[in-house]
Amino acid sequence: MNYLKTAMLLALLTGIFLVLGALVGGKTGLVFAFFIALAMNAFSLWKSDSVVLHMFNAHEVTDATAPELVGIVRDLARQADLPMPRVYVMNNPQPNAFATGRSPSHAAVCASTGLLDALNAQEVAGVMAHELAHIKNRDTLTMAVAATIGGAVSMFAQYMQFGMLFGGNRDGDRGGLGIIGTLAAVIVAPLAAGLVQMAISRSREYQADRMGAMVCGNPIWLASALRKIDRSARQIPNEEAEAVPAAAHMFIINPLNGHGVDNLFSTHPNVENRIAALEALAREMSVSGGSMDQQMPSRSSSAPGEVWIGGRNYTKPPSPWG
């Protein structure tokens with residue numbers, strides 16, 4: 001079903017791209033946009049994960065450079081019956097995270113430095129479990145392709161607008177539609193981003209929340225993380241995400257909240273509703289959510305303050321992320 005959704009999304013955004021090409025460049029623009037779209041679609045299917053990671057200046061980390069984070073992801077991936085994904089960190093003060101990749105065997109998870117600074121190890125485990133759930137549900141292909149194609153449409157529109165305003169407003173093969181093409185580009189670009197966001201169902205987040213909570217063993221870990229991330233995201237801007245709003249749907253929390261963007265086509269459910277669903281799941285699982293010292297059920301006898309994930313002790317030292 002996700003592959004079908006991806007195909008439909010590609011068709012929609014490709015159509016928008018072709019319309020932009022025709023409005024701005026007439027027949028020549030249509031043909032030019034068609035071939036660009038073909039190449040872009042093929043590229044996005046195979047390299048969209050690399051593009052998205054590059055968008056947010058993420059760098060890969062290993063056991064040598066981030067042993068706590070990589071260890072948590074490794075144990076959670078084992079519990080979720082997933083191949084070990086690549087682990088990335090983006091140098092961004094806003095606490096947030098995302099997953100990308102065309103399949104579980106070609107997947108990556110990424111956390112911001114702001115997230116690692118703001119959350120404790122249990123909450124980080126909840127967030128990483130949520131991202132692994134997106135990988136297991138194969139949401140990441142749709143998310144990455146949407147971000148790549150939607151971003152390309154927006155950048156194309158901005159480029160053509162700039163060209164029209166500064167010496168590119170010649171009729172030529174455009175059939176006299178230069179000004180109209182410019183106006184269409186300005187209007188269609190944000191609509192394209194809206195279509196991308198609308199195409200990614202909000203139910204994906206609820207599903208990933210539920211599966212992630214079950215993978216890490218305690219829904220309250222993720223609920224606490226969501227509360228902290230949402231509060232901080234409203235105060236700390238994410239400049240990279242603001243520059244590519246079509247990729248906002250990839251994050252665990254809407255990254256555009258930093259500048260108070262009116263997110264009419266938001267793909268993220270209300271955070272309080274997500275937290276309420278996780279607290280209901282905690283009651284269903286008979287997990288006590290009163291303390292973040294709560295351990296994995298199988299390690300309930302551990303000493304206070306210890307964090308056990310997948311049989312490994314991740315007790316948080318004063319500064320666990322370096």
Side-chain angles (χ1 to χ4, degrees), residues 56 58 68-69 72 88-99 109-134 143 197 200 202-210 212-213 216 218-245 247-283 287-294 305 307 314 316 318-322:
F56 297 104
E68 295 86 0
L69 178 60
I72 286 176
Y88 286 77
V89 171
M90 52 183 167
N91 186 17
N92 193 304
Q94 184 190 79
N96 229 316
F98 65 87
V109 293
C110 182
S112 70
T113 52
L115 182 136
L116 299 178
D117 289 339
L119 306 186
N120 63 34
Q122 293 165 315
E123 294 162 336
V124 171
V127 171
M128 291 296 101
H130 170 98
E131 299 307 332
L132 289 175
H134 277 306
M143 291 177 171
Q197 293 175 327
I200 307 299
R202 295 186 184 194
S203 65
R204 291 172 185 263
E205 294 302 320
Y206 282 116
Q207 292 168 358
D209 283 348
R210 183 177 181 85
C216 74
N218 193 329
I220 300 304
W221 295 359
L222 178 56
S224 178
L226 288 176
R227 186 175 286 110
K228 286 184 179 181
I229 297 170
D230 181 58
R231 183 169 58 245
S232 296
R234 295 179 183 278
Q235 301 172 358
I236 303 173
N238 186 329
E239 295 180 1
E240 288 84 358
E242 297 286 351
V244 191
H249 63 278
M250 298 185 61
F251 289 82
I252 189 170
I253 290 288
N254 181 8
L256 305 183
N257 283 340
H259 283 162
V261 174
D262 185 10
N263 201 12
L264 180 62
F265 300 108
S266 176
T267 61
H268 292 78
N270 179 274
V271 172
E272 291 304 319
N273 291 341
R274 294 171 68 179
I275 291 173
L278 287 166
E279 290 174 342
L281 178 59
R283 292 191 293 270
V287 174
S288 174
S291 170
M292 284 307 295
D293 289 334
Q294 173 73 30
V307 180
Y314 287 103
K316 182 182 178 181
S319 182
W321 310 112

I would like to know whether Leu222 and Arg274 meet side chain to side chain contact (heavy atoms under 4.5 Å, CB included); could you show each step before the answer? CA-CA 10 Å; Leu222 178 56; Arg274 294 171 68 179; 5.9 Å; no
Enclosure of Asn270 CG (heavy-atom neighbours >12, cutoff 6.0 Å): yes
Do the non-hydrogen side-chain atoms of [X] and [Y] ever get within less than 4.5 Å of each other?
X      : Y      : value
His134 : Met250 : no
Asp230 : Ile275 : no
Ile220 : Leu278 : no
Glu242 : Leu256 : yes
Asn120 : Ser224 : no
Val271 : Arg227 : no
Gln94  : Pro255 : yes

What heavy-atom pair brings [X] and [Y] nearest, and what distance separates the two atoms?
X      : Y      : answer
Ala121 : Ile72  : O-CD1, 4.0 Å
Cys216 : Ala125 : CB-O, 4.2 Å
Ser112 : Pro95  : OG-CA, 3.4 Å
Val124 : Leu119 : CG2-CB, 3.8 Å
Ala133 : Ala208 : CB-O, 3.6 Å
Pro237 : Asn92  : O-OD1, 4.2 Å

Please walk me through it: do Val127 and Ile229 pass side chain to side chain contact (heavy atoms under 4.5 Å, CB included)? CA-CA 10 Å; Val127 171; Ile229 297 170; 3.9 Å; yes
Can a donor-acceptor pair be found, under 3.5 Å and without considering hydrogens, that links the side chain of His268 to the backbone of Glu205?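 Answer holds: no.
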How long is the span from the [atom1] atom in [X] to the [atom2] atom in [Y], to the nearest 0.5 Å?
X      : Y      : atom1 : atom2 : result
Leu226 : Ile252 : CG    : CD1   : 5.0 Å
Asn96  : Ile236 : CG    : CD1   : 10.5 Å
Asn273 : Asp209 : CG    : CG    : 11.0 Å

Classify the ring geometry between Phe56 and Phe98 as parallel (under 30°), tilted (30 to 60°) or perpendicular (over 60°). tilted
Salt bridge (Lys or Arg N to Asp or Glu O under 4.0 Å) involving Arg231 - partner list, sequence neighbours excluded: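 Checked Arg231 against salt bridge (Lys or Arg N to Asp or Glu O under 4.0 Å); zero matches.
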